[in-house]
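Bear in mind that the values here come from a model prediction, so they are computed numbers and not experimental data. No hydrogens, no waters, no symmetry mates; every other heavy atom, side chains included, goes into these values.
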Amino acid sequence: MAKLNETEFNANNINLVGLGTEINGDIKSNGDLRIDGTLIGNLNIQGKVVVGETGRIKGELICKNSDISGVVEGKITVEELLSLKSSARINGDVNVGKLAIEPGCKFTGYCNMIGMESKSASSQTDITK
């Protein structure tokens with residue numbers, strides 16, 4: 001039997017909140033998560049979060065990457081890429097590394113591109129010398 005180390009386990013760890021399921025409480029995971037049901041609480045996910053068209057989150061979302069087709073009410077922080085599909089409905093502030101929005105998406109809130117300050121500061125050269 002092959003030995004399964006922790007990094008392999010976390011890389012293949014996909015969780016699902018199915019249609020018709022409602023969870024009240026916070027979720028923390030090292031893997032990925034797909035939500036087709038309802039979550040009332042905060043998410044702290046080390047991987048990717050996918051919110052399907054029937055998915056609904058009311059609370060704060062923190063993750064590495066995210067594709068949203070459903071409804072999110074609350075602050076969203078995505079380290080890398082946040083992709084908002086045409087059916088997405090977002091009501092809250094967004095902090096992202098990169099943002100992709102399809103036509104038809106409804107987004108109400110402020111957007112802050114994180115990590116851009118350090119990249120632009122390091123690429124600028126002092127021309128006064």
Side-chain angles (χ1 to χ4, degrees):
M1 184 171 173
K3 182 178 178 183
L4 182 66
N5 66 34
E6 188 175 329
T7 56
E8 289 174 346
F9 177 74
N10 289 338
N12 296 322
N13 190 7
I14 300 173
N15 302 290
L16 174 66
V17 177
L19 178 64
T21 301
E22 181 176 321
I23 296 177
N24 290 297
D26 298 342
I27 296 177
K28 184 175 182 178
S29 175
N30 290 330
D32 298 337
L33 176 66
R34 179 176 177 96
I35 298 177
D36 290 313
T38 302
L39 171 71
I40 300 171
N42 301 318
L43 283 174
N44 190 338
I45 307 298
Q46 297 298 313
K48 183 175 185 175
V49 173
V50 176
V51 180
E53 287 190 27
T54 59
R56 183 176 190 92
I57 298 174
K58 187 170 185 176
E60 185 174 0
L61 168 60
I62 300 171
C63 62
K64 187 171 186 178
N65 290 292
S66 184
D67 289 342
I68 299 177
S69 299
V71 178
V72 178
E73 297 178 38
K75 182 179 176 183
I76 301 173
T77 303
V78 177
E79 183 181 329
E80 292 180 4
L81 174 64
L82 171 61
S83 180
L84 302 178
K85 306 301 182 185
S86 61
S87 59
R89 304 293 176 257
I90 308 300
N91 188 4
D93 295 342
V94 173
N95 296 303
V96 296
K98 295 179 184 176
L99 179 63
I101 303 176
E102 290 183 0
C105 169
K106 303 260 190 229
F107 171 63
T108 304
Y110 292 99
C111 180
N112 181 36
M113 303 296 285
I114 56 178
M116 298 305 289
E117 296 84 16
S118 61
K119 290 179 185 175
S120 63
S122 65
S123 65
Q124 292 179 351
T125 309
D126 187 2
I127 58 173
T128 60
K129 291 183 180 180

Measure the [atom1]-[atom2] distance between [X] and [Y] for me, rounded to the nearest 0.5 Å.
X: Leu82; Y: Ile68; atom1: CG; atom2: CD1; value: 5.0 Å
X: Asn65; Y: Glu80; atom1: CG; atom2: CD; value: 4.5 Å
X: Ile76; Y: Asn112; atom1: CD1; atom2: CG; value: 13.5 Å

Item to complete: Considering only NZ, NE, NH1 and NH2 on the basic side and carboxylate oxygens on the acidic side, decide whether Glu22 and Arg56 come within less than 4.0 Å.
Response: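 Judged by the 4.0 Å cut-off on N to carboxylate O distance, Glu22 and Arg56 do not form a salt bridge.
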Discussion item. Any carboxylate oxygen within less than 4.0 angstrom of a Lys/Arg side-chain nitrogen, looking at Asp36 and Arg34?
Written reply: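 Yes, this pair counts.
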Worksheet item: Side-chain heavy atoms under 4.5 angstrom apart, residues restricted to Ile, Leu, Val, Met, Phe, Trp, Tyr: same cluster for Ile40 and Val72?
Response: no
Worksheet item: If Ile, Leu, Val, Met, Phe, Trp and Tyr residues are connected whenever their side-chain heavy atoms lie under 4.5 Å apart, and connections chain through other members, are Leu39 and Val50 in the same group?
Response: no
Worksheet item: Is there a donor-acceptor pair under 3.5 Å between the side chain of Thr77 and the backbone N or O of Asn95?
Response: no
Fill in: Backbone N/O of Gln46 and side chain of Asn30: donor-acceptor pair under 3.5 Å
no
Worksheet item: Looking only at side chains, do Glu73 and Asn91 share a donor and an acceptor under 3.5 Å apart?
Response: no
Worksheet item: Would Ser83 and Lys85 count as having a side-chain donor-acceptor pair, cut-off 3.5 Å?
Response: yes
Practice prompt. Provide the closest heavy-atom pair for Asp67 versus Lys48 in the form atom of the first, atom of the second, distance.
Written response: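 It is OD2-NZ, 3.0 Å.
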